[in-house]
Structure formats: C-alpha cells, structure tokens
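No hydrogens, no waters, no symmetry mates; every other heavy atom, side chains included, goes into these values. Proteins come first, then strands; the chains are lettered A, B, ... in the order of their sequence lines, and each starts at number 1.
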Amino acid sequence: MFPRRLPIPTLRGQSARTDSPRPCRHASPGAVLHPVDQLFAIRTVPVLVPLPAERPYSYAVPEGMAVVPGSIVQVPLGPRQVAGVVWDGETDAVDPKKLRLITKVFDCPPLDRAMRRFIDWVADYTLSPPGLVVRMALRAPAAFDPEALIEGIEATGVAPERLTDARRRVMEAAAETPTWTRSGLAHAAGVTPSVVDGLLKQGVFQTLRLSPPPAVALPDTAYGRAELSPDQAAAAEALVAKGDGFSTTLLEGVTGSGKTEVYFEAVAAALDKGKQVLILLPEIALTQSFIDRFHARFGAPPAEWHSDVPPRRREQIWRQLAEGRIRVVAGARSALFLPFQDLGLVVVDEEHDPAYKQEDRIFYHARDMAVVRGSLGGFPVILASATPSVESRVNAADGRYGHVKLAGRFAEAALPDLSLVDMRLAPPARGRFVSPVLSAAIGETVARGEQALLFLNRRGYAPLTLCRVCGHRFQCPDCSTWLVDHRLRGQLQCHHCGFAVPRPEACPECGTLDHLVACGPGVERIAEEMLATFPEARTILLSSDLPGGARRLRRELDAIAEGEADIVIGTQLVAKGHHFPLMTLVGAIDADLGLANGDPRAAERTFQLLHQVTGRAGRSGGRKSRGMIQTWQPEHAVMRAIASGDAARFYEREITERGRAGLPPFGRLASVIVSANSRREAEEYARLLRRAAPEDPSIEVLGPAEAPLAVLRGRHRFRLLVHSPSRAPVQGFLRATIAAAPRPRGSVQMQIDVDPQSFL
DNA sequence: AGCACGCCGACT
DNA sequence: GTCGGCGTGCTC
C-alpha cells in the first residue's frame, strides 16, 4: 500500500529525544555539556537555510542556547542574517574555521517532525534543493518573533468616585468581560474613550498587556449544521468513518450534489477532535462564495491564505497557526507549507484543477503533496470533484484511494440539457463565429429576460493577424508564436512571454496600409458580434486581462448574479466557482479549442472545462436550462461524452488510451525546463542528457510554440520532455542523468517537473 | 536565492 | 580614464 512507499531519502538518524513535548518557551533544554567538555566541545547542528543548497549547513550552538530539530533560528550567512530551521541528523564534517554561531533562536514553536519529513520528501520528489523547499515554509519573516502585545485594561475592583450614567454603562460592560482594550470598552459601552480614561485615572481600571486578538474567530462545529439529504448523510458518514489515521478518499459528486456540505461534516469531526484543518482551493482569490458558505456553517470564516493576502495579515496568520490559535485555513496550494501545529485533515476541493500544479521554481502538484502530507502526518485527506482527474479515478479504482460517490438525485434534474452544434452543418455567417442555431437560442433567452453565457477560452480579439497583400503573419520575435490581437488595449501580444507591440496600421513587410486582417475569434470579437446582433441586450465581457483586477471581477460576477447583464462572454474564469441563478443558456464557442494543443491531458481538460462551464447554468422558472456546444468534431469522444452526460464512459476510454500511450498515471512523464540562449543550446543539452541516460527514454525538445505552457513564459526557455512508458520512476533516471551530466549554470539553467502521480 | 568579485563596452 | 553590464563562484 501507499504509505510504506514514501521513503525519506536523504536525511535520517533522528534522535528520539529531540522532538519531545515542548516546555513553555518552545525549546527543550537540549544536551547540557559538562563544564570541562564545554572548553573543548563545540556543539554543532545542521541548519537548513533558504538557499539552493543540497544539504543543511552546520552551525555552532552558543553555550546556553537551546535548540531542537525544527527550531527556527537566525544564522549568519555570508554578509547577512537569514532565518533557517534546525534540521535532523548529524552535521557534515565542515572546516572548523568556516563554522559560525547561531545568532538566536526565535521564540516560536518549532516545525514539527511531520513537517520536516514533508519538506525533505518534497525536495527529493521534485529533485529540488531542500533549502528552497524550506523557504516556502518560511515566507513570513516577521512571524518568527511573537506578536507584539497590545495594551488592555481590566477592572481593579475600586468603585468609581461619582457614578455617572456613562460610567455606569462602562462598569456594566466591564462586569461581563474581564479584559478590554480602551477603545473596545468605550465602544461596547457606547461612550467616548475619555470616559474610560477618567476611570483609568481614578484607579478603577488598570492597564495590562494583552495578547493580540485572533486573526479569525474560532469555528463552532455546532453552529449551522445543515440538513443533509440521505445521500449526503451517507457520504458524510463514510468520510468520517475513515477514522483519524492516514487515508485518501475521492469524494465524487456531480455539480449541485452538495459535496461541500458533505466534507464540512468531516471538517467538523476533525475540529471536534481538536485538530487543525486545511482546505485547499484553486484560485482562492475568486471564491468568496466558499468563504461565505463556510462562515454560515461554522459561524466564523476560515483564515484565508493566498497571494492577495497582505503581508501583515500573512504574518499574523502564520504565527497564530503555528501557535494553534487558528483552527482552519482555506488556502491556495502554498498553504500546504504553513506551520500547522496539529493538522488533522486536508481537503482538496476541485482536485482536478490544473491550478494545483505549480510550475515555477519548484514544480509540485499540491493535490499529490497533500496526500503525502497526510501520509507523513498520519491523517485523512479528501479529494473532492465533480470531474475528478484521471489519476484520482484510477487510484480510487485500484483501491489506493477510497471512493465516495454522491448520486445527487435532485441535482441530476437541475443539470442543463446539453446539445452539440455541428459547425459543419450549421456554420456561422462569414466573419462571424456564433452558429445561427446558438444565436437564435441567445435571442430567445434574452427575450425571456433570462441570461446567456458564452464561453470561449481565448483572450483578446483574434489569435492571428495577417497582411492580405503579402501574407505576412505577425509573430513573436522570441517565441515563434502568433501575436494575439488585443483591440481593447490596442496591442498585439505574445501570450507566452508577454511581448507586446502597439497594433500597427501598416504591414511591416510590404508597407501596405489598412490591409491587415484578423483571423479567428477571441472573446473580444465575440462580444463585438453580440453587440452587432443584439444591440439592445446588455453585454458584459469577462477576461483575466481586463483592467481592475480580481476585485473588479468579483464585483462584475456579483452584478451578473443579480441580473445586471443579458449576455456574458468570458474565458475560462467564468467556469470557476460562481453560480449564476438566472443563466439559462450556456454556449461554448470553440469547444474543440483545447483538443489539439499537444498536451497529453487535452481531452481530460476539455471534458472538465466543458462540464464545469455548462454547470454554471441556473435552473430558472422550472424550465431546464440549456447548454449548446459548438464543435467541428461532434464525433470526438469528449464531445460525445459531454453531450450524453456519460462521464463514466469518458473516463473508461481515457484510461484505456492513457494505458496504451504509456501516459500518466500509467507511464511517466517528466520535463527538464532549460533556459538556453537558443534552441541549439537546448538541443545540445538534450543530447548530453540522452548520452548520460542509463536507459533510453525519449527526450523531445519543445520550444514555446510547441509546448504552449505557462512554464515556458519568458524568453528562451525550452522544455525537454522525458517520456518513459516503463514503471521505472523518471526521477531515478533524471537523478542519475543529472549526476552524470554536468549541471548547467549560466547559459543553461534547469528545473525539473515530474508529472503527478508517478510517486505511487 | 542574494551578493561580491571580475572582466569587457559606452560614456559623464 | 571610469560606470556598469551580467557571467561565475560562494555562502556552514
């Protein structure tokens, strides 16, 4: 089974003593040297510092300083002071002249053993230096020192000299709660702070130091206990029955079947046992509705953790979490590296979402690392989705994961009627992209006062611009990809590296004016078409590159939910999180779009995206809502699966295909991302790898044009795709290869991406 | 990752 | 003559 397949590769030799229960100052005394020994022996400890070192560095422990593995310490590193973590095991033999003293131990709970093993595991699996992994856990510099105490007041028992009305109200409030802040008490009593000041002066109150207020209120598991359907209750019971030890369970339920309420019961069970809980969400900045639902269930919001959380708040959350004062975090993938004190459950919501994969510096898939965290920490992990990843489906089918299904009988009825629009039979008019069939449906919908959503996963106006006179195509100078016409911004942009030029009027090749022509649709162009076809309808365009950022987007989404638009046109961000009750028609414009981009997961992604976006439709007025999918390949397995609603058959087919092609979760895929100055250099390095390879995996060099992935953002980056159909872990190959081939520096830099699930 | 050192191009 | 570009090496 899975847990025993999680070796800790690098560091071993824990001393059992070191992780013992913590005395109040967070650090146990450690070994005390005999006075005679003190003269000769210098105690050294390994310290993992936040830089790409393969091993922890050795530091000397000053006399009288108490450190244990996990202690967060400040150490000198070259010219500066950095925060590091005392690690497990023995120190390397290091030139005593290099040895430097630990500057100080932060007054902060140490990282627990499970967390340290997790960091080592992630470093080994992702083939990245453990120092860089620990860096992710230490991204809250000011949090290592205790939060500053604030000034509070408490009653002394002395009676006020003259009991005015205002003073009486203050005394009444003070009688109910022992300690207050000055302004807090004044506010609660409905008086000005000067009343409190007066009483303070008289000695009725005295000041004291209070610990700062909690970042979030404690959740109350009894607060908003939902009425569960029999289905939901059974599923919740199945989750809770998994017990406290490690297990992974796939919670699969169609849109609207109430998965969230079900796993909330598992969350409540963990909280009742005094455990902390982590709920991972993809792109949490846009999921206010989740926070609201959590609040309604538990009477308090979870602590939020994502890139939009301001630095001060991050520090507060980091600290209070380490102290165990925060019980629940809802966060993006980076929350996996937070210093939980007693984590007892991780829920990965929308587990299939590609946003869980980090493709920057350290490549990891948060869903899989959550499973690893659960395995090392000995607690359950729940993966929830309406459209699970093929990997999780296979793991569930093979018994590695539990499988809890929510049939959701009411939900079935509320799902939209889906139909394919065969673009070969019902082509749009010239220069248009919406089929007359869909267009008519939009007209009817708007006429009824309902909303229509048009989905097209392509930003901008048109993906290609060419000159009608000489045939010149606008191309990125760095990436050899087409420049995307962004009319609202007046730019041609490269979606790979961010290169942009103002939209030209003349062809740079032949100089002809006004003969440039846009080819293909983007959301801006669909918006234009809708404005022309339905000039009286209120049309809204939603796209990630619109000005105003996430906040404006959230406002727009709220406005749409309130009915302040008739036609909404959006990229894939409309597929996430939001539910639109008035939306009774969803149209997918270029549903085939994602199928031909060379991604081995293209079919799966398209299936999930189309399923999700059509699930946005509401259920207005008892009439079933409709989903219409424009496709040029109606016979494609994905399209057939979407139209028939037969997800099971899609998965079956996809699993067979993957097995045949040796793709994950059966075969292994990894890529070595190299930054090289030219394709030639990248090819050169690929040759080096091939020569050094102990076996013979295929290594393919892909530039930005062939591998349209976020990971290739930036100039001159290439992806060497290592494909191995055998069960032999690609890591083993890469490790050996990297050891044999000179590690590139400077002109060629590399990062490694091992595809999820190959750890099983 | 940062930071210093060191070696070649365009300028006050 | 310097200022400063980033290639290279190092941090216990």
Side-chain angles (χ1 to χ4, degrees), chain A residues 10-11 13 18 30 41-63 65 67-106 111 116 119-120 122-124 126-144 307 311 314 334 337 358-364 478 497 673-678 680-682 684-685 711 713-717 738 741-753:
Chain A
T10 41
L11 302 163
T18 51
I42 307 167
R43 188 158 86 99
T44 61
V45 289
V47 176
L48 207 47
V49 283
L51 78 163
E54 289 301 327
R55 313 208 4 86
Y57 285 173
S58 308
Y59 281 88
V61 184
E63 200 182 315
M65 180 183 279
V67 292
V68 296
S71 293
I72 299 175
V73 292
Q74 190 178 59
V75 290
L77 182 70
R80 63 215 158 101
Q81 296 282 331
V82 297
V85 181
V86 176
W87 220 240
D88 307 87
E90 302 301 313
T91 52
D92 289 346
V94 64
D95 182 356
K97 283 197 280 294
K98 280 186 164 184
L99 210 56
R100 298 170 78 179
L101 284 167
I102 294 176
T103 315
K104 71 163 175 173
V105 187
F106 287 103
L111 297 187
R116 301 195 305 274
I119 289 168
D120 276 337
V122 172
D124 181 66
T126 61
L127 299 166
S128 38
L132 286 191
V133 181
V134 88
R135 217 170 71 101
M136 295 197 287
L138 295 178
R139 281 215 175 130
F144 311 144
S307 55
R314 291 173 86 84
S334 61
F337 294 91
Q358 167 152 325
E359 299 184 317
D360 175 45
R361 290 182 182 95
I362 295 164
F363 288 67
Y364 68 92
D478 293 321
C497 69
I673 314 295
V674 301
S675 308
N677 290 323
S678 64
R680 246 203 66 74
E681 270 185 23
E684 191 83 22
Y685 193 64
V711 66
R713 237 168 246 291
R715 299 172 180 212
H716 310 311
R717 302 192 72 192
I738 290 157
R743 197 159 184 132
R745 169 85 208 212
S747 65
V748 181
Q749 283 187 330
M750 66 181 192
Q751 282 163 338
I752 292 153
D753 169 23

Whole angstrom is fine here: how far is it from CG in A:L77 over to P in C:dC12? 5 Å
Roughly, in whole Å, what's the span from CZ in A:R135 to P in B:dA1? 7 Å
Rounding to an integer number of Å, can you tell me how far A:K97 NZ sits from C:dC10 C1'? 17 Å
Take the protein atom CZ of A:R55 and the nucleotide atom P of C:dT11, then report the distance between them rounded to whole Å. 16 Å
Interatomic distance where CZ belongs to A:R80 and P belongs to C:dC10 [whole Å]: 16 Å
Determine the contact category for A:P46: base if any of its heavy atoms lies under 4.0 Å from a base atom, sugar-phosphate if only primed atoms, P, OP1 or OP2 are that close, otherwise nothing. nothing
Round to a whole Å and report the spacing from CG of A:L51 to C1' of C:dC10. 10 Å
Give the minimum heavy-atom separation between A:R43 and A:M65, together with the two atoms involved. NH2-O, 4.3 Å
Do any N or O atoms from the side chain of A:D92 and from the backbone of A:V94 form a donor-acceptor pair under 3.5 angstrom? no
Calculate the interatomic distance between A:L132 atom CG and C:dT11 atom P; express it in whole Å. 17 Å
Taking all non-hydrogen atoms of both residues, which atom of A:D88 and which atom of A:P69 are closest, and how far apart? OD2-CB, 3.4 Å
Applying a 4.0 Å non-hydrogen cut-off, can you work out what A:P50 is touching in the nucleic acid: base, sugar-phosphate, or nothing? nothing
Output the rounded distance in Å from CG (A:L101) to P (C:dC12). 12 Å
Contact class for A:L99 (heavy atom, under 4.0 Å): base, sugar-phosphate, or nothing? sugar-phosphate
Can you list everything that forms a ring-ring contact (aromatic ring centres under 6.0 Å, His included) with A:Y57? Sequence neighbours excluded, please. none
